[in-house]
Structures are given as C-alpha cells and as structure tokens.
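Quick notes on the structure that follows.
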Protein chains: 2
Amino acid sequence: MDVPTLLDAPQDCRQVSEVLNRVGDKWTMQVVVALRDQPRRFNDLKRQVGGISQQMLTRTLKTLERDGMVERTVCPTTPPQVEYALTAFGRSLSVPVRELARWARANLATIHDNRRRYDSKR
Amino acid sequence: MDVPTLLDAPQDCRQVSEVLNRVGDKWTMQVVVALRDQPRRFNDLKRQVGGISQQMLTRTLKTLERDGMVERTVCPTTPPQVEYALTAFGRSLSVPVRELARWARANLATIHDNRRRYDSKR
DNA sequence: CGGGATCCAGTAGGATACTG
DNA sequence: CAGTATCCTACTGGATCCCG
C-alpha cells in the first residue's frame, strides 16, 4: 500500500509543494479544464470560465504559456483572433489532476463538515 | 482515455480548484508527508520540515486539524508534550497527491526549462 | 477582439519577542 | 516545549481605463 520510492526525500516534498503551489492558484486548473476538449479564443474562454476577469485570464494564460502548458496562436486579421490550446505537456498534467478531482468530489463535503464542527466547538 | 464523468461540469473545476488551493500552499503537503510514517511532536516536526518557522508550522497544523486531516493529542506533563498524527482522512488525501508527486518529479525540470526558454526569447 | 497599464484591498508568508 | 502576539513585506486577485 505504500510507495516508499516517492515522497521519502525532503526534496520530493518540496517538488510536490512547488507544483501544487503552481497549479493551486484560483484559475489555472479551471482554464486547463476549459481547454481540455478543444482550443478556444480569449473571450470564448472567458465565458467558459465563469467569473474570471480579463486581467486574471490574461495572467493565467501567460503563465501557462510560459510553462509550456498552453500554446498561443495569433491570426493577424482584423479584428485579431488568438487561439489557445493545451499542449501535450499541459494535457499530461491533467492526468494526475483528474485523480485529485475524484478525491475532491468525494471528500470536499467532509472537509466543510469538519470545519463547521471544529468552529462550533470554540 | 477520457474520463467524461469527471471535470466536465463547471462545479467540478471549482471543487478541484478549491482543493488545490487548500493543499497548494507552501507548507501543507510537506507537513503531511512528514507525518506519513509516524506521529511527531511539534519541534520534531519543525526539524523534519526544514525551513519552516514556528508561526507557519502552528498555522499549518491548526488548519490541517480544522479540516480533519491531523489529530492533535496533548499530554499534560511538564514540559507539555503535543503529538500530531495524520488521520485516516488525511492519509486518503495523500493517495492522489502521490500521483501528482510522481508527475512533479518527472516534469518539474521541463517546466523550469520552458520558463528559461520563454524568458530568454524576450 | 485581445489584451496592456494602473491602482487597490486582502491574504500568505516571514521575523522576532514573549508566555504557560 | 509548544505555542501566542505583533509587525512587516510581497504576492494574489480584482476593478477600471486605455489602446492597436
């Protein structure tokens, strides 16, 4: 049941923390998921991810592009069209994240319950 | 290859983002991993997780306890002894996280490479 | 349409000193 | 030993206006 070759060394923990910290911001995974099935343009993406501002969408996409997770394609027409697509690398990340998604769906309610119980105790 | 029942609905994305946001801070997973094999006391834990301040360790442990991931046991001796242990719930989280750890180990270098290439281009 | 440039509030993270 | 209290800085996220 244990996987002793993983997470044993301290640097492993730091690597995991770094990746979690990277993809654990408010919008990154929602944008990645919105791009999962097909490439999308900026405002299309903005509609797909409800509640995000252009500012944050721009920042999130730029960071994803910098990390090689998203490819940005510009068609120099008027008005300009910019398409964003997940790269293979970006797609590979969504595999382990999907496992975490399964856990999140199953256990998020428990977390909220635990918090309410803890908070009501004092 | 697709798992269409997961990550399709927008609320799924938000749940994943919420969990990632929760465990994606700087210290949470490092503390969880440090507690994986056996319970530990405060300063023991502080040594195990290198570089963390008492302040942040206290905060991280309290949040983990609130979420039901860690159990806190006080032995009222002098000096006081407080032991922290992962709960079964906390342990269950480490399963999907271990998958992410695998990905992190395999791909973190690629991320750093992508960033250097992106930054050198402009 | 797809951003860039500013400004601003809130939170995360850290250093240090003190306490039961 | 195991925290609490305080203070400070940096970054995240958001709103708004402007521009090619």
Side-chain angles (χ1 to χ4, degrees), chain A residues 13-14 16-32 34-35 39-67 70-85 115 118 122, chain B residues 13-14 16-32 34-35 39-67 70-85 115 118-119 121-122:
Chain A
C13 318
R14 282 184 230 113
V16 184
S17 285
E18 185 176 340
V19 169
L20 281 171
N21 212 328
R22 166 63 190 88
V23 302
D25 66 355
K26 188 167 182 179
W27 299 111
T28 292
M29 286 318 300
Q30 300 189 52
V31 170
V32 167
L35 287 173
R40 290 184 188 276
R41 287 169 51 192
F42 189 85
N43 281 322
D44 181 16
L45 211 41
K46 187 172 184 310
R47 275 183 298 273
Q48 197 75 12
V49 181
I52 191 172
S53 64
Q54 335 125 312
Q55 169 77 292
M56 286 312 296
L57 183 53
T58 302
R59 286 190 203 176
T60 304
L61 285 169
K62 193 169 291 179
T63 311
L64 281 168
E65 189 196 356
R66 186 168 102 107
D67 288 356
V70 156
E71 191 182 19
R72 182 174 179 272
T73 311
V74 186
C75 301
T77 59
T78 44
Q81 298 198 352
V82 183
E83 232 187 31
Y84 293 93
R115 285 182 190 170
Y118 183 93
R122 47 205 66 209
Chain B
C13 317
R14 282 184 229 112
V16 185
S17 284
E18 185 176 339
V19 169
L20 280 171
N21 213 331
R22 165 64 191 87
V23 302
D25 66 354
K26 189 166 179 179
W27 299 110
T28 291
M29 285 318 299
Q30 299 189 53
V31 170
V32 168
L35 287 173
R40 290 184 188 277
R41 288 169 50 194
F42 188 86
N43 281 320
D44 182 16
L45 211 40
K46 188 173 184 309
R47 275 184 298 273
Q48 199 73 13
V49 181
I52 192 172
S53 65
Q54 333 123 314
Q55 169 78 288
M56 287 311 295
L57 183 54
T58 301
R59 287 189 201 174
T60 304
L61 285 169
K62 194 168 292 179
T63 311
L64 281 168
E65 190 196 354
R66 186 166 102 106
D67 288 358
V70 157
E71 191 182 17
R72 182 174 179 270
T73 310
V74 186
C75 301
T77 59
T78 45
Q81 296 197 355
V82 183
E83 233 187 30
Y84 293 92
R115 287 183 188 169
Y118 183 92
D119 293 342
K121 279 200 298 188
R122 47 205 65 205

Item checked: Rounded interatomic separation in angstrom, taking NZ from A:K46 and P from C:dG2 -> 12 Å

Check: For the helix from C:dC1-D:dG20 to C:dG20-D:dC1, what is the angle between the axes at its two ends, each from 5 pairs, rounded to 10°?
Finding: 40°

Could you list the donor-acceptor pairs under 3.5 angstrom formed between side-chain atoms of residues 48-60 of chain A and any protein atom two or more places apart in sequence or on another chain?
residue, atom, partner, partner atom, Å
A:S53, OG, A:M56, N, 3.3
A:T58, OG1, A:Q54, O, 2.8
A:T60, OG1, A:M56, O, 2.6

Check: Whole Å only: how far is the NZ atom of A:K62 from the P atom of C:dG2?
Finding: 15 Å

Next item on the list: Tell me, please, the opening and closing nucleotides of DNA chain D, 5' to 3', among those with an atom under 4.0 angstrom from a non-hydrogen atom of chain B.
Entry: D:dC1 to D:dT6

Check: Of all residues at least two apart in sequence or in a different chain, which pass the side chain to side chain donor-acceptor pair (under 3.5 Å) check with A:N43?
Finding: none

Notebook entry, point to check: In the 5'-to-3' direction, what one-character label does each nucleotide of nucleotides 9-20 of chain C receive under the scheme B = base within less than 4.0 Å of a protein heavy atom, S = sugar-phosphate only, - = no such atom?
Noted result: ----BBBBB--B

Checklist line | Any residue meeting side chain to side chain donor-acceptor pair (under 3.5 Å) with B:R47, in chain and number order, not counting sequence neighbours | finding: none

Note to self: Expressed as a whole number of angstroms, how long is the span from A:L57:CG to C:dG2:C1'?
What the structure shows: 10 Å

Next item on the list: Quick one: list whatever passes side chain to side chain donor-acceptor pair (under 3.5 Å) with A:E18, sequence neighbours left out.
Entry: B:H112

Next item on the list: With rounding to the nearest 0.5 Å, note down the distance linking CG in A:L20 to CG in A:D25.
Entry: 11.5 Å

Next item on the list: Show the numbers, then the answer: is there a side-chain contact (heavy atoms from CB on, under 4.5 Å) between B:V70 and B:V31?
Entry: CA-CA 10 Å; B:V70 157; B:V31 170; 5.6 Å; no

Next item on the list: Could you pull out all residues at least two apart from B:P80 that satisfy side-chain contact (heavy atoms from CB on, under 4.5 Å)?
Entry: none

Margin query: According to side-chain contact (heavy atoms from CB on, under 4.5 Å), who are the partners of A:R66, at least two apart in sequence or on a separate chain?
Written below: B:R115, B:Y118, B:D119

Note to self: Using only atom types and a distance under 3.5 Å, with no angle test, would you say the side chain of A:R40 pairs donor to acceptor with the backbone of A:A34?
What the structure shows: yes

Notebook entry, point to check: Can you name the residues that form a side chain to side chain donor-acceptor pair (under 3.5 Å) with A:R41, not counting sequence neighbours?
Noted result: none

